Amino acid sequence: MVTGEKVSVDPSIVDGILAGYDSENPGTRGNLYRMLMTGRLAGTGKLVILPVDQGFEHGPARSFAANPAGYDPAYHPQLAIDSGCNAYAAPYGSMNAIAHEYAGKIPLILKVNNHDTLVTERDPIPAQTSSVKDALRLGCVGIGFTIYPGSTNWRAMYQQLREMSEEAREVGLAVIVWSYPRGTNITAEGETGLDIVCYAAQIAAQIGAHIIKVKLPTDHIDQDAARKVYESENIPRATLAERVSHVVQSSFNGRRIVIFSGGGKKGDSAFFDEARAIRDGGGFGSIIGRNSFQRPHDEAVKFLGTIMDIYAGDKD
Amino acid sequence: MVTGEKVSVDPSIVDGILAGYDSENPGTRGNLYRMLMTGRLAGTGKLVILPVDQGFEHGPARSFAANPAGYDPAYHPQLAIDSGCNAYAAPYGSMNAIAHEYAGKIPLILKVNNHDTLVTERDPIPAQTSSVKDALRLGCVGIGFTIYPGSTNWRAMYQQLREMSEEAREVGLAVIVWSYPRGTNITAEGETGLDIVCYAAQIAAQIGAHIIKVKLPTDHIDQDAARKVYESENIPRATLAERVSHVVQSSFNGRRIVIFSGGGKKGDSAFFDEARAIRDGGGFGSIIGRNSFQRPHDEAVKFLGTIMDIYAGDKD
Amino acid sequence: MVTGEKVSVDPSIVDGILAGYDSENPGTRGNLYRMLMTGRLAGTGKLVILPVDQGFEHGPARSFAANPAGYDPAYHPQLAIDSGCNAYAAPYGSMNAIAHEYAGKIPLILKVNNHDTLVTERDPIPAQTSSVKDALRLGCVGIGFTIYPGSTNWRAMYQQLREMSEEAREVGLAVIVWSYPRGTNITAEGETGLDIVCYAAQIAAQIGAHIIKVKLPTDHIDQDAARKVYESENIPRATLAERVSHVVQSSFNGRRIVIFSGGGKKGDSAFFDEARAIRDGGGFGSIIGRNSFQRPHDEAVKFLGTIMDIYAGDKD
Amino acid sequence: MVTGEKVSVDPSIVDGILAGYDSENPGTRGNLYRMLMTGRLAGTGKLVILPVDQGFEHGPARSFAANPAGYDPAYHPQLAIDSGCNAYAAPYGSMNAIAHEYAGKIPLILKVNNHDTLVTERDPIPAQTSSVKDALRLGCVGIGFTIYPGSTNWRAMYQQLREMSEEAREVGLAVIVWSYPRGTNITAEGETGLDIVCYAAQIAAQIGAHIIKVKLPTDHIDQDAARKVYESENIPRATLAERVSHVVQSSFNGRRIVIFSGGGKKGDSAFFDEARAIRDGGGFGSIIGRNSFQRPHDEAVKFLGTIMDIYAGDKD
Amino acid sequence: MVTGEKVSVDPSIVDGILAGYDSENPGTRGNLYRMLMTGRLAGTGKLVILPVDQGFEHGPARSFAANPAGYDPAYHPQLAIDSGCNAYAAPYGSMNAIAHEYAGKIPLILKVNNHDTLVTERDPIPAQTSSVKDALRLGCVGIGFTIYPGSTNWRAMYQQLREMSEEAREVGLAVIVWSYPRGTNITAEGETGLDIVCYAAQIAAQIGAHIIKVKLPTDHIDQDAARKVYESENIPRATLAERVSHVVQSSFNGRRIVIFSGGGKKGDSAFFDEARAIRDGGGFGSIIGRNSFQRPHDEAVKFLGTIMDIYAGDKD
């Protein structure tokens, strides 16, 4: 396990998080523990995960041309280690290309389904591109799985997730779910609307996610039925921290780790503000792909380091 | 193993290529090694593979009438040996007809899925026509599998490939993926557009291909989102060698063997120019079907010999 | 991963050891790496493992009465962590009693077969008391398995080991073999005779052990056929370091990690001398049970610390 | 759930006991909880279980002639309910005869292996007479399994137990092990010797028992190697309470529920004294068969009631 | 495929040998072909195989002390390549230690059963130490299996061989059988008696061996019933070449490859005479372990080279 500079750690934090997973077997709990105890944020209860599935999702040039070192699949796990990330996530091919060298050095998450952008689908459903058996063979701590709540294909995805997560849990792996609302049932604005994001987090938790990844929500409320409640109950949503807090609440009130994706390109200071909001709202951290690996290595390490400082409370 | 005239060989070349496959078991590595150490190009790190699936894909007359010796399935593996190819690929029937005689004499690749042209499909998906068990029984070094990224049937193909490649890898076979963009989502020009070809190569690598076969790309960029990146990053694509280099980069930066198909009929000198571009761009070789077996045996041997000379550096 | 005070580490040491395991899948390699990178000796290439199967093997009073804290199965993994061990090994019941809390905190090795001393057998064979599935569920890095070469029941044991180790390797676990010569074919003196111990190590390596545990050998040679060779070839065996070196040589010339058990009670200085001999002979470390957990916690931590100092080269 | 007169209950007692089973899945934990929360002793952390396998083990007349109502398998679960027992245990036939009526009314334990006395074996091994599937179908909370440590057939029994308990745990059942030392390796006196009983309890715990049933030990020490330790460490064993305490210690220091059988016929006051010793030594209760069902119903209810009063602390 | 200096080759020789295997599937034929076309003797129809299972069979010191380089499992496949052997055979551990590097470089034969000499058995039966699945994963061309005809355990061995060879043939592997008469039914002299050796070869052929390995026979006839026929039919057996010829005849009259082991230490010229007799009697070659790897590398290469010269007809 490669670790960065250690922050001071209160052991009860991680134990407190794991208490939410008491029904899981020791194997799964151990793998969650390993992620929580790796890297710069080890023991803080916060996580920053480096995911690199963009080669599959957006194509190689759009993913790696900005920093061509990233065409090499070995670049990314090394970046994850150098910057002190808690884990590295990738699809089968990228993972297989580096696991012989990196298994054991940093927690690996096998992204077992993927969607490319050669086909545009209004109601997407990913393809299953690897298996739980692959994850064990490659020495991974867990599997990553994307669902698109709101897609007319929701049933098939939820059922695939259920089957793979059952299989994963039996062999002691953790299940990380990317939950992205999308489809004819969801407006573009709705995809990041607070009610929809919270609903997507809840669904992931219900189907068995151990770690949930959603986008940072706006204050938009998309569903009429939901809007009535948000208004009658005066659910605070003006600040991003309030909205993060509501997502955490919606993810079993903090009994499931929920982390946030950074989304599109933006200025670094906007990014750092988001990290502060995640921290202040009680979120568990970030999953940051393009915004880290598309800049030069040393800049990425510095950029991720600042985010980790914010999470660790070493920086306002 | 039948070998042609040996070129001078630097053992570190093949070892270097195999280092990209360190996570594979010794069986798969051994079969990749066998292909890399067979024929005229043994040890050079370059491959020329003879594929004969046109009887299935285009029908017998379109495939073999130009050189009727090719109606006989035994003609082709012998041509592959006589010309010093690294391997011979064919569908089940052709392979089964000759394997009793040729297994062990030249690496055999069983093409396990196929599509015919009696049915025209805008969004094609091949039929699975043989199995991993067949490949073992017939003494093959690997399986060949076609995917059509961009087809609305992409998901089923990717999942079939995932399952068969997992099965193949477990028993020590290599997986060769023909990745041909095609479907309602891809324009005719786009099928060989640089961005699309690179994307198709990346997808094949991600799902687990050990060897990737794509078409030589044009300088056309098909996707708007990609075009922005090609332009902003000034990715060189004026020459074919530059484009080959970009495909290799997109295939895990050289950690996966990527070879190119010759495409349609053209003059021999155009062909040789393409081989030079593949060589100069760092490509790993060619898969040449129609352009070799549709001419008389001795001409084909000479034609392939010239291409191999180019790859081996014995000819400019 | 809990670590003690770090010693200065040369990363090439662990990479060098892992090179002997290149044929293993990344999962197994990752688990070996985790053991080598945990605790006080992380990165030194040396291991001290705490095994507690004596409750099963010798009964509870003989095992724990000297330090009654040890009746509690949670005492031992905590001792392993506090003293900076690389791993903790125990049978199913003890492991299951603590895995919910300790999985992920220290590498766990599930001892999957056991023998009690309610039945005395001249030619022993253990009972299989847990499974590879259990090991995954409990979050273990590997399985431990005892064989008794020389027992007339050798065949059944070897075959059980073969089956379980094949199953374990497929899911990325490591296999640790306790190889103890015993049976009607072996004299009491022979059980620790140099030729016999080396033979037992070789057998464990041949059946597929990733880590081999044997007793420290005496200079006795038990088999006539072997004695001739030891004499004619002048194999050095006067010092313990020379004998350790010969065991390492017999374990694929250092391509397999071989560690030594301390055996019966003795004075601490004798123990430290043995550690020096293991270090000087190129052994990989120790597995120390009774001599650590049968003394009070703080004394045990100090005792193990001295041994680790010797291995780390921080103490002569 | 039929309960007797409730005693005042401290909820932390049962939670404390369940903490020893944190690695178990919620199903198994739930079934342990149900037993601990049933009957007169619900919530006290004590159990009295009624087992009726004597029809199989000793034949019907020896078992039921003294109180012929007991020939009817429905007599016993009703007695268990009427007397406020925590659970009722029986072999397949007896259970199957009554489960249609009693499942859900009192926790049922299916005794899945049995031995009859038509065959006398020096080194016994029971026959497997029912399955985990049977236990689920009959609505049982767990399976009961007998092992005879010390029998030369130990290995087969341990391995059967391992397999059945793995299967039982996966479907959320509890595993209750009757651990009775017996065989050519154990003297008659040794069968109830303190060292042997403790060893038998330890073995049951190691193979995966959730509840262990042993005989009350005498102060005899049977094994020479053990005697040395009992003497050197001055392990107290003069009183029955001290010996019970040592058995509990030997069963993972209280992390496993251990209950005691009454053994042969004796006067009721002797029985009550034993219950006091079990209580005072920290034992978890009794399993009482012949001494209850071989007397008339109302006497049995009264007899068991007195024992429960002692356990509940309502009676000295 | 590494090859030595090529001898002039008549392709019809290998085709003629393969005609004996017409019923085998192409995979098995291809693997036989690969052995026949590898190394110094490629294409001659002769084979020299290097087997190194002595570490398991005789213990490490007796095997490797004479040439300590041999303690390293990588020494042997390299020696096999350097000396131009057709194949290398070893047990699981030795093979696994080197397959990542050597698979594909020389045909590998996994020795799937083994016997050690810590247990002396009058009627031996080896332990199964690896599987057909292992052989595929490690990239082997076949499995090696020892039977001891004449052992009272003959039935179990023959049945194990039948099962494993059926499994091996289905996946295209070759089956090499070490057939060594031994047991209470065979006198010491009988073990190498002509009638017994021929009988052992016949049995191996009957159970499905593709390649048979026996010891060179003496002119002793062990069985009375056989002696009558040898005498009445005047079967020539005075010279070693005549006896070899009779063994070949007994192995389906040349339709099965039969090779001979050199047996114990002897002078090199005696060895070369044996090779001449094998050649002149129509034998297919040798399997030479101790006599090659127990001498220094360059001497071994020279020694094996001389034997190959004899087989190739380049030397009288």
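Note that the structure is a prediction, hence the values are computed from the model and not measured.
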Atom [atom1] of [X] and atom [atom2] of [Y]: how far apart are they, to the nearest 0.5 Å?
X	Y	atom1	atom2	result
Phe252(D)	Ile98(C)	CZ	CD1	10.0 Å
Arg62(C)	Tyr199(D)	CZ	OH	7.0 Å
Thr117(C)	Gln223(D)	OG1	CD	5.0 Å
Asp116(C)	Asn185(D)	CG	CG	9.0 Å
Arg162(D)	Ser130(C)	CZ	OG	7.0 Å
Arg255(D)	Asp72(C)	CZ	CG	4.0 Å

- Note on the structure: For Val229(D) and Ala65(C), the nearest pair of non-hydrogen atoms, with its separation, is CG1-CB, 3.7 Å

- Message: For Asp22(D) versus His100(C), what's the shortest heavy-atom pair and its separation?
- Response: O-CD2, 2.9 Å

- I would like to know whether Asn114(C) and Gln206(D) meet side chain to side chain contact (heavy atoms under 4.5 Å, CB included); could you show each step before the answer? CA-CA 10 Å; Asn114(C) 290 96; Gln206(D) 290 291 12; over 6 Å; no

- Message: Within the structure provided, determine whether Ile207(D) and Phe56(C) are in side-chain contact (heavy-atom separation under 4.5 Å).
- Response: yes

- Task: Please tell me if the side chains of Trp154(D) and Leu118(C) come closer than 4.5 Å, counting only heavy atoms from C-beta onward.
- Result: no

For [X], is it the side chain, the backbone, both or neither that has a heavy atom under 4.5 Å from a heavy atom of chain C?
X	answer
Asp195(D)	neither
Ala205(D)	backbone
Ser151(D)	backbone
Gln159(D)	both
Ile235(D)	side chain

Which answer fits [X], side chain, backbone, both or neither, if we ask what part of it has an atom under 4.5 Å from a heavy atom of chain D?
X	answer
His115(C)	both
Ser131(C)	both
Asp53(C)	neither
Glu121(C)	side chain

- Query: Ile125(C), Asn113(C), Leu138(C): which one forms the most heavy-atom pairs within less than 4.5 Å of chain D?
  - Reply: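 Sorted descending by pairs with chain D, the first entry is Ile125(C).
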
- Between Ser94(C), Ala99(C), Ala97(C), which shows the greatest number of heavy-atom pairs under 4.5 Å with chain D?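 Sorted descending by pairs with chain D, the first entry is Ser94(C).
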
- Task: Measure from the side-chain N and O atoms of Ser23(D) to the backbone N and O of Asn96(C), and report whether any donor-acceptor pair falls under 3.5 Å.
- Result: yes

- Got a donor-acceptor contact below 3.5 angstrom from the Tyr71(C) side chain to the Ser251(D) backbone? no

- Determine which residues belonging to residues 238-250 of chain D lie within contact range of chain C, meaning some heavy atom pair is under 4.5 Å apart, and list them by number or answer 'none'. His246(D), Gln249(D), Ser250(D)

- Message: Can you tell me if Phe303(C) has over 12 outside heavy atoms packed within less than 6.0 Å of its CZ?
- Response: yes

- Below 4.0 angstrom, N of the basic side chain to O of the carboxylate: do Glu170(D) and Arg137(C) qualify? no

